[in-house]
Trainee: 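Let me give you the structure first, and then I'll get to my questions.
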Number of protein chains: 2
Amino acid sequence: MEDNRGIPARKNATLKDVAEACGLSVAAVSRYLNHSIKLPQSTTDRIDAAIAALNYRPNPHARSLSLGRSETIGLVVPDIANPYFAHLAAAVEQAAAEYGLGLLLCPTLSRTDRELDYLGRLSRQHVDGLLFVTNNGDDPALARALLGAKTVVLVDDDIDGTTAPTIMADSEQGGRLATALLIEQGHRSLAYVGGPQGLSSSRSRLRGFRRAIAESGQTIAIAAELHGPYSSAHGRIAAEQLLALDPVPTALFAASDEIALGVLSVFKQRGVKVGVDISVIAFDDVGPLELFDPPLTAIRQPVNAMGRRAVQIVLALINGEALLPATELLPVELIIRNSVKPPNR
Amino acid sequence: MEDNRGIPARKNATLKDVAEACGLSVAAVSRYLNHSIKLPQSTTDRIDAAIAALNYRPNPHARSLSLGRSETIGLVVPDIANPYFAHLAAAVEQAAAEYGLGLLLCPTLSRTDRELDYLGRLSRQHVDGLLFVTNNGDDPALARALLGAKTVVLVDDDIDGTTAPTIMADSEQGGRLATALLIEQGHRSLAYVGGPQGLSSSRSRLRGFRRAIAESGQTIAIAAELHGPYSSAHGRIAAEQLLALDPVPTALFAASDEIALGVLSVFKQRGVKVGVDISVIAFDDVGPLELFDPPLTAIRQPVNAMGRRAVQIVLALINGEALLPATELLPVELIIRNSVKPPNR
DNA sequence: CTGAAAGCGCTTACAG
DNA sequence: CTGAAAGCGCTTACAG
C-alpha cells in the first residue's frame, strides 16, 4: 500500500504490478478485469485494493493491439461547426459513451480524399467502426471503398451502390408535411430550394414536395426547383433567383436550415418580409429558429434518435451480429412557428 | 505484386510483410518510414512499391504502445452541441490534422467526474494531450488533478490554482468594448447578465463592464449584475428579473450568445422590443446572430485563432519544449448590428 | 480453475 | 550503416 497523495505517480502501474501486489498471475487479474473468470470474494477484494492503491488503469493501446479492436468509433462528417452535425455529434458521443466506446472526430470538409482516408483508418483498426455522413454519395470511388468496409453505417444520406446499413430521417415525409402546410395555408405558387441533386436526402425531400402537390388536388404552380449544396451560400443565390422570377412564388420550402439562413439573409437585405411577402419553411430545425425574424417554421429531424440508433447498429456490426434491414427511416416532426402565413396576393 | 482489386484484403499487411517483400529487415523499413535513416533511391523505391502493392499502413496501436504516445489529443468541452464549442472543435480539429494529430471528442456535460475521467485517460496515454474547457474552474478537485497533468492546455477559462498554459479571449477588453458601445449610444442604466460567478471569463467580462462605466466619466446606474450558467435558461431567468425592475434598465450586456438567446426569447414572448425598449449586446458571436430579430450586436471571440494556438501549445508541451507564458489573451472584435440603439426614455 | 508463454505490430537500444 | 532481438502492456490459447 503506497502513499501517493499529491505526488504524481512516477510511472503508471501495469497489470504486472497489480498481479505482483496481490500475489496472482497477470492472467488471473486480466481475466478478472474482463469478467471471464469467477474468483472468491477474498481474492477480488485483494485485486480491487491493489488496483486502487496503485491507481491502475489499463493501457488502451496494449489492449487494442492485443484485441485487434480499439473500442473507439469514428464520426465522419462534412463540418462539425455546422449545428446540425454538432447536434448529431453530441447525440452520437453520448450513446457511444453509454456503450463504452470512444469517439474520434473525423471532419472531411466534404473532401472525398479525406473521406477515403478515414475509411483507411477503419481498415487499420484505428477505429472499430465508422458513422459516415457524406455529401458525396454520388461519387463512385466512395461507393467502391465502402464495399470493403464491414463496420460502417451511413447516416443522414445513402450512397449509390452500397449495401451498408443506413439511418436517415424520413425526408420524403418531411418534404410532404412541409409542402402540405404551405398548400393548406393557401399557397398556389411554390418553390423548392433543395440540396445537391445527386443526394438521396434532397431527392426524397423533392419527392415529398411533389407528392404533396399531387395529393392536394389543387392546381399548384411549381415556380422553381433549385439544387445546390446544403449551404447558406446556395440559399443566397437561390433567393436572388426566386426574386427575379415573375411572378415571385408566394412560398418556398428550403431543404436545410443552412439554406434557409442564406435565403433569409437575402430577403432581409432586400426588404422582403417573410410570412408576409413570402412564406418559408425549413428542414433540420437545429438552429435557434424560434428567435429568427419571424420565428421559422421547420421540419425537425430526429437527430438524437438517429445518433443513438446509428451507434447501436455499428456496435451490432462490430460484434458481428446478423445483418439488419438495410435502411431505417426515422420519423420527422413539423414545428410550426411564424414564417408560414396565407399569401397576401 | 498482388492483384487485389475489388477483393477486400484478407488481412492487413504488416511491416514484416513489407520487409520480406523487398528483402529488408523490419528495422530498416521502420526507420525509413520514420525518417531516421537515409537509403539509396533504388531501395526506397523498392520499399515504396511494396507498401503500395501490399497497401500497407502502420497499425496505430502498435505504434502507440511502442512509442508511449498516441498522436491523438482530446478536446474536453462541456457540450459539443453548443455552437461555440462546435466552432472551437472545428478549429481545433483542423489545426490538429495539420500537425498529424487525431482528435478525440470528450464532452463532459460540465460534470466534474467526467472531467476527471478524461484527465485519467491522459495519464494512461490514451491521448498525448488535452485541450481543456471547463465551467468548473472553481472546483479544487479539478485544480488538484490538473497539477499532475503536464500536457494540458486550458482554453477559454482558467482554473484557480493551476499553472497550466491558458488560451483565452480578452474578455475584459470585450466587456469594456461592449459596455462602451452602450454608453456611447446614450444608455445610463445598464445591466450585466453574466456567466458563473466563479469563472474567470465571466469575472473578466464584468471587470470590463465596470471599467467602461468608470472610464466613461458619466453617471451610470448599474441596474443589476446577474450571475448564472452560460445557458439560455439562465438568460430567461435573468430577463424576467430585469423586467421586474423599476426602472427597467435601458440596455444589457449578456456574457454569452446562449444567455442572450434566453433573454431574447423572454423579451419576444413579453413583447419587449430589442433595440427599441431595450438594447442588447452579446458575447461570442457564433450563432447566426445577423438573422435575429433584430440582428444582434456582439463581441466576437477569436475561436479559430484560439483553437489553433491551443493546438500549437499542447504540441509544444508534448514535445517537452520550454514553458511558455502562462496565459495568452487573444483579441476580440466588436460586431455592430442592430440591437443597440439610443434609449427612447 | 490457473499460470507460463506466445502473440498483437510496432520502435529502437544494442551489438556486429 | 544494418539486423536480431527486446520491449511496450495487454489477452488468451494452451498445457498442467
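Residue numbering restarts at 1 for every chain, and letters A, B, ... go by the order of the sequence lines. Everything numeric in this text was worked out from a predicted model, so none of it was measured.
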Trainee: When you compare D:dG16 with D:dT12, how far apart are their C1' atoms, in angstrom units rounded to a whole number?
Mentor: 16 Å
Trainee: Restricting to side-chain hydrogen bond (donor to acceptor under 3.5 Å, both in side chains), what partner residues turn up for B:D157, sequence neighbours left out?
Mentor: B:S200, B:S201
Trainee: What is the distance, to the nearest angstrom, from the NE2 atom on B:H61 to the C1' atom on D:dG9?
Mentor: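 My rounded result for the distance is 14 Å.
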Trainee: State which residues pass side chain to side chain contact (heavy atoms under 4.5 Å, CB included) with A:L109; sequence neighbours excluded, sorted by chain then number.
Mentor: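 Result, side chain to side chain contact (heavy atoms under 4.5 Å, CB included) vs A:L109: A:R114.
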Trainee: With heavy-atom distances below 4.5 Å as the criterion, would you say the side chains of A:L317 and A:P165 are in contact?
Mentor: yes
Trainee: Indicate, with a heavy-atom threshold strictly under 4.0 Å, whether A:L24 touches base, sugar-phosphate, or nothing.
Mentor: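 Nothing: the residue A:L24, judged by heavy atoms under 4.0 Å, touches no strand.
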Trainee: Kindly write out the residues that satisfy side-chain hydrogen bond (donor to acceptor under 3.5 Å, both in side chains) with B:S70, not counting sequence neighbours, or none if the list is empty.
Mentor: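 In terms of side-chain hydrogen bond (donor to acceptor under 3.5 Å, both in side chains), with neighbours along the sequence ignored, B:S70 is linked to B:D128.
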Trainee: Report the distance from atom CG of B:L65 to atom P of D:dG7, rounded to the nearest whole Å.
Mentor: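 To the nearest whole Å, that distance equals 14 Å.
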Trainee: Under 3.5 Å, is there a donor-acceptor pair linking the side chains of B:N304 and B:R309?
Mentor: no
Trainee: Rounded to whole angstroms, how far apart are CD on B:E20 and P on C:dG9?
Mentor: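 Taking CD of B:E20 and P of C:dG9, I get 13 Å after rounding.
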Trainee: B:K38 has an atom NZ; how far is it from atom P of D:dC1, in whole Å?
Mentor: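 Those two atoms, NZ and P, are 12 Å apart.
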Trainee: Just checking, is any N or O donor in the side chain of B:Y32 or B:D48 under 3.5 Å from an acceptor N or O on the other one?
Mentor: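 Note: B:Y32 and B:D48 side chains meet the donor-acceptor criterion.
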Trainee: Tabulated below should be each protein N or O lying under 3.5 Å from an N or O of nucleotides 10-14 of chain C; please produce it.
Mentor:
from, atom 1, to, atom 2, distance (Å)
C:dC10, OP1, B:Y56, OH, 3.1
C:dC10, OP1, B:N59, N, 3.4
C:dC10, OP2, B:L15, N, 2.8
C:dC10, O5', B:Y56, OH, 3.1
C:dC10, O2, B:S66, OG, 3.3
C:dT11, OP1, B:N34, OD1, 3.4
C:dT11, OP1, B:N34, ND2, 3.0
C:dT11, OP1, B:R63, NH1, 2.5
C:dT11, OP2, B:S30, OG, 2.4
C:dT11, OP2, B:N34, ND2, 3.4
C:dT11, O4', B:S66, OG, 2.7
C:dA13, N6, B:R31, NH2, 2.4

Trainee: Counting distance only, does the side-chain N/O of A:N136 pair as donor-acceptor with the main-chain N or O of A:S110 below 3.5 Å?
Mentor: yes
Trainee: Not counting sequence neighbours, which residues clear salt bridge (Lys or Arg N to Asp or Glu O under 4.0 Å) with A:R31? List them please.
Mentor: none
Trainee: Represent DNA chain C in dot-bracket notation, 5' to 3'. Only Watson-Crick or G-U wobble pairs with both distances under 3.5 Å count; pseudoknot-style crossings use [ ] and interstrand partners use |.
Mentor: |||.||||||||.|||
